[in-house]
Enquirer: 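I'd like to ask you about the structure that follows.
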Amino acid sequence: MQVKGVRGDISLIGSGAMEEPQGLELRGERDELRESLGRIGAWSFALETLTAAEERDAVAEIESFGYRAIWLPESVESREAFAHASWILASTERALAVSGIANIWARDPTAMANGWRMLTDAYPRRFVLGIGVSHAGSVARRGGTYEKPYSAMRDYLDAMDRAPSSAAEPEVTPRLVLAALGPKMLELAAERAHGVHPYFVPVEHTAFARQRLGPGPVLAVEQTVVLESDPSEARRVARGFALDYLQTENYARNLKRVGWTDADVAGQGSDALIDAVVAWGDVDRVAVRIRQHLDAGADHVCVQMVSEDELDPCLPQLRELAPALLEL
């Protein structure tokens, strides 16, 4: 399923030259997505550990705090992304549900495209499909082979474009973002999607991503947060979250790409690196970090609030943080 305008001559956008109709259409869709997402969203693994009834109440609370988008994962153990997104959408009134990300190894391209169509039709302008190549460990656990991620994504998008469907097309264009860290995947997102979703990144990566993307694509950045002012306690909780990512090749390589050293990434991570990838402190200090991402070129920052209990959806902390973020 081809995103309208994505294969138009988007190089003309903002160039001062007369734009092709497809390029104009794509720019409008991206601007609409930027507006729909707002500047602040909530990202959570913990929501999926709740019962369906508990999650219904939790996401309604998150929406009431003012977060415009709720981001959901799809790890090996996760709820299936389309079923999960549909429950979040049914449990809220206006909030967007965004997959962060639906794994391309979890379903074939036709199944992905038709799930995307269905939720777009059922909830116009409220579902955003984020897809990604995941990483080697997760793919192996699904029985796949992780190789040539850029080519795999490009081919998968081509197959989605060709996906047949017996259903009527949605009245609104389905929206697509790609998980991307490195330059090739960022450039593919600029060519083929409405936007990009970097995860586990410091502010300097946000600046790098915006430079690679140019001004058009939506840049929606994940930022992990520990609402704790004691440095030792905050870093202890942050390291508990960050350790698996520091040991995952694509995340470690990305941190080195933007200037962090082998010594920073080794073991449990240097204090400076932990402070860069996990925002901690009081509300004002965390708000400064979110502002830094926005100033570096992010259109939207989705806050992943974590605590010592990985099953805790951190609703009180999200409530406490929301007023300061909504002023940004």
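The basis for the numbers below is simple: all heavy atoms, side chains too, and nothing from hydrogens, waters or symmetry mates.
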Enquirer: Taking all heavy atoms of A97 and all of A85, pick out the closest pair and write down the distance.
Expert: CB-O, 4.0 Å
Enquirer: With hydrophobic residues grouped by side-chain heavy-atom distances under 4.5 Å, do Y245 and M305 end up in a single group?
Expert: no
Enquirer: Please examine the side chains of V133 and I101, heavy atoms only from C-beta on, and report whether any two atoms are closer than 4.5 Å.
Expert: no
Enquirer: Quick one: do V196 and V218 satisfy side-chain contact (heavy atoms from CB on, under 4.5 Å)? Show the steps, please.
Expert: CA-CA 6 Å; V196 63; V218 175; over 6 Å; no
Enquirer: Which pair of heavy atoms, one from S36 and one from L96, lies closest together, and at what distance?
Expert: O-CD1, 3.7 Å
Enquirer: Answer yes or no: is there a side-chain heavy-atom contact under 4.5 Å between L157 and L188?
Expert: yes
Enquirer: Could you check whether any side-chain N or O of T248 sits under 3.5 Å from a backbone N or O of N250, counting only pairs where one atom can act as donor and the other as acceptor?
Expert: no
Enquirer: Hey, could you give me each pair passing salt bridge (charged side-chain N to carboxylate O under 4.0 Å, His left out) that has a residue in residues 277-293? Not counting sequence neighbours.
Expert: R291-D295
Enquirer: Is there a continuous path of hydrophobic side-chain contacts, each under 4.5 Å between heavy atoms, that joins V177 to F200?
Expert: yes
Enquirer: Is R175 salt-bridged to E29, going by a charged N under 4.0 Å from an acidic O?
Expert: no
Enquirer: So does E77 have more than 12 non-hydrogen atoms from other groups sitting under 6.0 Å from CD?
Expert: yes
Enquirer: Give me each pair satisfying salt bridge (charged side-chain N to carboxylate O under 4.0 Å, His left out) with a member in residues 315-328, each pair once, sequence neighbours excluded.
Expert: E61-R319
Enquirer: Would you list the pairs meeting side chain to side chain donor-acceptor pair (under 3.5 Å) in which at least one residue belongs to residues 215-225, sequence neighbours left out?
Expert: E222-T224, E222-Q304, Q223-H293
Enquirer: W280 and L273: same hydrophobic cluster, using ILVMFWY side-chain contacts below 4.5 Å?
Expert: yes
Enquirer: Could you list the residues that satisfy side-chain contact (heavy atoms from CB on, under 4.5 Å) with P109, not counting sequence neighbours?
Expert: Y156, A159, M160
Enquirer: Name the one of S44, S99, C302 that satisfies side-chain contact (heavy atoms from CB on, under 4.5 Å) with W71?
Expert: C302
Enquirer: Do V201 and F208 belong to the same hydrophobic cluster, where Ile, Leu, Val, Met, Phe, Trp and Tyr are linked whenever their side-chain heavy atoms lie under 4.5 Å apart, directly or via other members?
Expert: yes
Enquirer: Give a yes or no on whether the backbone of G38 and the side-chain of R34 come within a donor-acceptor separation of less than 3.5 Å.
Expert: no
Enquirer: Residues in side-chain contact (heavy atoms from CB on, under 4.5 Å) with V288, at least two apart?
Expert: Q292
Enquirer: Is any side-chain heavy atom of V172 closer than 4.5 Å to a side-chain heavy atom of T120?
Expert: yes
Enquirer: Could you go through the side-chain contact (heavy atoms from CB on, under 4.5 Å) check for E310 and V306 one step at a time?
Expert: CA-CA 7 Å; E310 64 182 18; V306 299; over 6 Å; no
Enquirer: Do you know the tightest heavy-atom contact between L246 and A252?
Expert: O-CB, 3.7 Å
Enquirer: Heavy atoms only: give me the nearest L181-L186 pair and the separation to one decimal.
Expert: O-CD1, 3.5 Å
Enquirer: Check residues 254-261 and write down every donor-acceptor pair under 3.5 Å in which the side-chain atom is one partner and the other belongs to a residue at least two apart or another chain.
Expert:
from, atom 1, to, atom 2, distance (Å)
N254, OD1, H205, NE2, 3.3
N254, OD1, R257, NH1, 2.6
K256, NZ, D262, OD1, 2.9
W260, NE1, E204, OE2, 2.7
T261, OG1, A263, N, 3.4
T261, OG1, D264, N, 3.1
T261, OG1, D264, OD2, 2.9

Enquirer: If you compare all heavy atoms of A102 against all heavy atoms of L129, which two are closest, and at what distance to 0.1 Å?
Expert: CB-CD1, 4.0 Å
Enquirer: Whether R192 and D161 form a salt bridge (side-chain N of Lys/Arg under 4.0 Å from carboxylate O of Asp/Glu) is what I want to check.
Expert: yes
Enquirer: Membership question, hydrophobic clusters at under 4.5 Å side-chain separation (ILVMFWY): are L294 and V221 in the same one?
Expert: no
Enquirer: List the residues meeting side-chain contact (heavy atoms from CB on, under 4.5 Å) with A95, not counting sequence neighbours, and say none if there are none.
Expert: E63, I70, T92
Enquirer: Are the side chain of W87 and the backbone of A52 linked by a donor-acceptor contact shorter than 3.5 Å?
Expert: yes
Enquirer: Any salt bridge (charged side-chain N to carboxylate O under 4.0 Å, His left out) involving residues 85-110? Give me the pairs, sequence neighbours left out, ordered by first then second residue.
Expert: E74-R107, E80-R107
Enquirer: Indicate yes or no: at least one non-hydrogen side-chain atom of L243 is less than 4.5 angstrom from one of Q268.
Expert: yes
Enquirer: Measuring centre to centre across the rings, with the benzene-like ring taken for any Trp, is W43 within less than 6.0 Å of Y199?
Expert: yes
Enquirer: Enter the distance from L33:CG to R30:CZ here, rounded to the nearest 0.5 Å.
Expert: 10.0 Å
Enquirer: Looking at D299 and A220, would you say the former's side chain and the latter's main chain have a donor-acceptor pair under 3.5 Å?
Expert: no
Enquirer: Sorted by first residue and then second, give each salt bridge (charged side-chain N to carboxylate O under 4.0 Å, His left out) pair with at least one member in residues 233-245; sequence neighbours left out.
Expert: E233-R236, R235-D271, R235-D275, R236-E308, R239-D271
Enquirer: Identify, with sequence neighbours excluded, every residue that meets side-chain hydrogen bond (donor to acceptor under 3.5 Å, both in side chains) alongside S307.
Expert: D312
Enquirer: Grab the two heavy atoms, one from A242 and one from I274, that are nearest each other, plus how far apart they are.
Expert: CB-CD1, 4.0 Å
Enquirer: Would you sort out whether M153 and I104 count as a side-chain contact (heavy atoms from CB on, under 4.5 Å), showing the intermediate values?
Expert: CA-CA 8 Å; M153 176 59 81; I104 69 169; 4.0 Å; yes
Enquirer: For F127 and V98, run side-chain contact (heavy atoms from CB on, under 4.5 Å): C-alpha distance rounded to whole Å, both residues' side-chain angles, the deciding distance at 0.1 Å, then the answer.
Expert: CA-CA 6 Å; F127 176 65; V98 192; over 6 Å; no
Enquirer: Is there any ring-ring contact (aromatic ring centres under 6.0 Å, His included) pair reaching into residues 303-328, and which pairs are they, with sequence neighbours excluded?
Expert: none
Enquirer: Mind checking whether F65 and Y67 have parallel, tilted or perpendicular rings, split at 30° and 60°?
Expert: perpendicular
Enquirer: Report the residues that fulfil side-chain contact (heavy atoms from CB on, under 4.5 Å) with T51, sequence neighbours left out, ordered by chain and then residue number.
Expert: A53, E54
